[in-house]
There are 2 protein chains.
Amino acid sequence: MTLSEEDYVKAIYHLGKEQSAPVSTNAIADQMSTKPSSVTDMMIKLAEKGLVNHKKYQGVTLTDHGKAIALSIVRKHRLWEVFLVDKLHFSWDEVHEVAEQLEHIKSEKLINHLDKYLGFPEVDPHGDPIPSKKGEMKKTVKKLLIELPAKSIGICVGVKDTSQAFLRFLDKNGIALGDTISVLDREEFDGSMQIAINGIEIHISQQIAANLFLKIPE
Amino acid sequence: MTLSEEDYVKAIYHLGKEQSAPVSTNAIADQMSTKPSSVTDMMIKLAEKGLVNHKKYQGVTLTDHGKAIALSIVRKHRLWEVFLVDKLHFSWDEVHEVAEQLEHIKSEKLINHLDKYLGFPEVDPHGDPIPSKKGEMKKTVKKLLIELPAKSIGICVGVKDTSQAFLRFLDKNGIALGDTISVLDREEFDGSMQIAINGIEIHISQQIAANLFLKIPE
DNA sequence: AATAATTTTTAGTTAAAACTAAATATTTGT
DNA sequence: ACAAATATTTAGTTTTAACTAAAAATTATT
Ligand SMILES: [Mn+2]
Ligand SMILES: [Mn+2]
Ligand SMILES: [Mn+2]
Ligand SMILES: [Mn+2]
């Protein structure tokens, strides 16, 4: 597997897990910041290698083999993110670019020792679950803050948008994973909300509420 | 800088530090397991980039810029080796292949945080000095065991051969960096020696003695 | 000094991964 | 249902980093 092939397989995995439909050529091109014609070339190659199912003009889906590879890359990406934050004291908005490189290092032993060294973490710094050696992953039952009615309460467990801009906004406003958030009031007109976070009241826009995942207690 | 360019620059650095003469095309091809014609192509490219001085048929030397890049790669390689041994409990004969990949990760912040996290080590697991951020490196005054006369004493500080075979031999015979070695007797006929290592007497062949570096106390 | 051996470079190919422009298929709107 | 818009593929080109085979330069040997 080349670095480029790995990035394509990972992109298809991330795009595909949202819907059940096949992933379109243009969607992949967007995600990878490349041209659709380059994507078609790569899809033909990945199909020949048995990593994707490709029907002309119908998009692609990952084969079981392709999905296993995608999960192993996601595993490596997220474990390295934990390393960068927990051990090297990077902030959560700085880790993505470096993990994007580290995820391609080839060594079974390295990644399994790293996993142990980090204490077998279950989620990365953005609250995303880390696949096991065998590709199993805990499905977290989480909801976007914007979907919650007034008076509800939850624990912040992840972010949808992982851009530096958003993560820094959260840091600035004292919102971190693990914090308890309660919805005090919803403004249906613009989707904004009044919330309490660790006891402090703040007002947040729809944009923010649409990108914060909460775990809701039973 | 591409991964391939970095590996070439590093190879030229390692080949060049032994002698004062320029490094030959064939020597580079050997080191890189590639063909001389491929080396010539790359040397022309590196010369255009200002990393090497290249006179046709006369070999190459690194420019100051090229040397600085080589040292930064060596720094990364050796720091990652320390990480693998100290933190992930790899043995010193397993780290090279993985460090060969990790040395190409691009992030100033990553390598400087790693340096701090490891406690600013001065040598790697094979006793080789780690260049500073600015490319400065402690020159260790070390001698090969084979050069020492009978009755002399020294501390094992490095290995010349870093092959798995040799490193495992040392492990098996209880020879590690930091150990005190005294030469009890030399057999000039075959170059073998009787030595005491941490009090225990053993007999070693010329091959072994020619690949162990010792620091000699004043 | 001339020839032989070795080293290095040049010329021409190949494969991976990107691109542009053009052709073809699918989807959408009337 | 048909034309227009959009999505996808094909064809042909570029760049990087290899390769082989042949030519040229250097070094060694007689
Ligand atoms: Mn990547
Ligand atoms: Mn993440
Ligand atoms: Mn390398
Ligand atoms: Mn080393």
Side-chain angles (χ1 to χ4, degrees), chain A residues 1-13 15-16 18-62 66 69-70 73 100-101 103-106, chain B residues 1-13 15-16 18-62 66 69-70 73 100-101 103-106:
Chain A
M1 287 286 286
T2 68
L3 186 148
S4 189
E5 287 170 353
E6 289 185 350
D7 279 339
Y8 271 102
V9 167
K10 195 181 62 158
I12 297 165
Y13 170 79
L15 292 166
E18 314 277 316
Q19 334 115 71
S20 56
V23 179
S24 78
T25 301
N26 272 4
I28 298 167
D30 262 26
Q31 175 88 6
M32 301 282 297
S33 306
T34 187
K35 304 287 164 178
S37 54
S38 305
V39 174
T40 301
D41 285 348
M42 184 57 89
M43 292 312 106
I44 290 167
K45 185 162 57 138
L46 292 180
E48 278 165 1
K49 289 196 171 193
L51 303 180
V52 302
N53 308 113
H54 180 235
K55 269 185 291 183
K56 268 195 191 178
Y57 293 98
Q58 302 304 138
V60 291
T61 55
L62 288 174
I69 287 172
I73 300 164
E100 199 59 45
Q101 299 177 59
E103 71 189 359
H104 302 288
I105 302 292
K106 275 150 194 72
Chain B
M1 288 285 288
T2 68
L3 187 147
S4 189
E5 288 169 352
E6 289 186 349
D7 278 339
Y8 272 101
V9 167
K10 196 181 62 158
I12 296 165
Y13 170 78
L15 293 167
E18 312 279 316
Q19 333 115 70
S20 57
V23 178
S24 79
T25 301
N26 271 4
I28 299 168
D30 261 27
Q31 175 87 8
M32 301 281 297
S33 305
T34 186
K35 302 289 166 177
S37 53
S38 306
V39 174
T40 301
D41 284 348
M42 183 58 89
M43 291 312 107
I44 290 166
K45 184 160 59 135
L46 293 180
E48 278 166 1
K49 290 198 171 192
L51 303 180
V52 302
N53 308 113
H54 180 235
K55 269 186 290 182
K56 267 195 191 178
Y57 293 97
Q58 301 304 138
V60 291
T61 55
L62 287 175
I69 287 173
I73 299 164
E100 200 58 45
Q101 299 177 59
E103 70 189 358
H104 302 288
I105 302 293
K106 274 148 196 75

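Please read these numbers as outputs of a predicted model, since none were measured by experiment. Residue numbers begin at 1 in each chain, while the letters A, B, ... track the order of the sequences.
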Query raised in the report: Within less than 4.0 Å of OP1 or OP2 of dT9(C), is there a side-chain N or O belonging to T25(B)?
Result: yes
Query raised in the report: Which part of the nucleic acid does S38(A) contact within heavy-atom distance under 4.0 Å: base, sugar-phosphate only, or nothing?
Result: base
Report summary line: Walking DNA chain C from its 5' end, the first of M32(A) and K56(A) to be reached, judged by nearest nucleotide, is M32(A)
**Report entry** Length of the line joining H54(B):NE2 and dT7(C):C1', which is rounded to integer Å
**Finding:** 12 Å
Query raised in the report: So what does S4(B) touch, heavy atoms closer than 4.0 Å: a base, only the sugar-phosphate, or nothing?
Result: sugar-phosphate
Query raised in the report: Are any side-chain N or O atoms of E5(A) and backbone N or O atoms of T2(A), one a donor and one an acceptor, separated by less than 3.5 Å?
Result: yes
Query raised in the report: Is there side-chain contact between M42(A) and T34(A), with heavy atoms separated by less than 4.5 Å?
Result: no
Requested in this report: Return the value, rounded to whole Å, for the distance between atom NZ of K55(A) and atom P of dA7(D).
Outcome: 20 Å
Query raised in the report: Tell me: CE of M43(B) to C1' of dT9(C), nearest whole Å?
Result: 13 Å
Report summary line: note: K35(B), atom NZ; dA21(D), atom P; distance rounded to Å ~ 10 Å
Query raised in the report: So do the side chains of I69(A) and Y13(A) get within less than 4.5 Å of each other, counting heavy atoms only?
Result: no
**Report entry** Whole-Å distance separating the CE atom of M42(B) from the C1' atom of dT15(D)
**Finding:** 13 Å
Requested in this report: Rounded off to whole Å, could you give me the CG-to-C1' distance for the D30(B) and dT6(C) pair?
Outcome: 14 Å
Query raised in the report: Mapping Y57(A) and L3(A) onto DNA chain C by nearest heavy atom, which one lands closer to the 5' end?
Result: L3(A)
Query raised in the report: So, does the side chain of S37(A) form a donor-acceptor pair with the base of dT20(C) at under 3.5 Å?
Result: yes
Requested in this report: Would you kindly give the CG-to-P distance between D41(A) and dT14(D), to the nearest whole Å?
Outcome: 16 Å
**Report entry** Spacing of M43(A) atom CE and I28(A) atom CD1 [to the nearest 0.5 Å]
**Finding:** 4.5 Å
Query raised in the report: In chain order, what residues pass the side-chain contact (heavy atoms from CB on, under 4.5 Å) check against D30(A), with sequence neighbours excluded?
Result: none
**Report entry** Integer-rounded Å distance: dT7(C) P and I28(B) CD1
**Finding:** 14 Å
Requested in this report: Using only side-chain N and O atoms of N26(B), determine if any of them is under 4.0 Å from OP1 or OP2 of dT8(C).
Outcome: yes
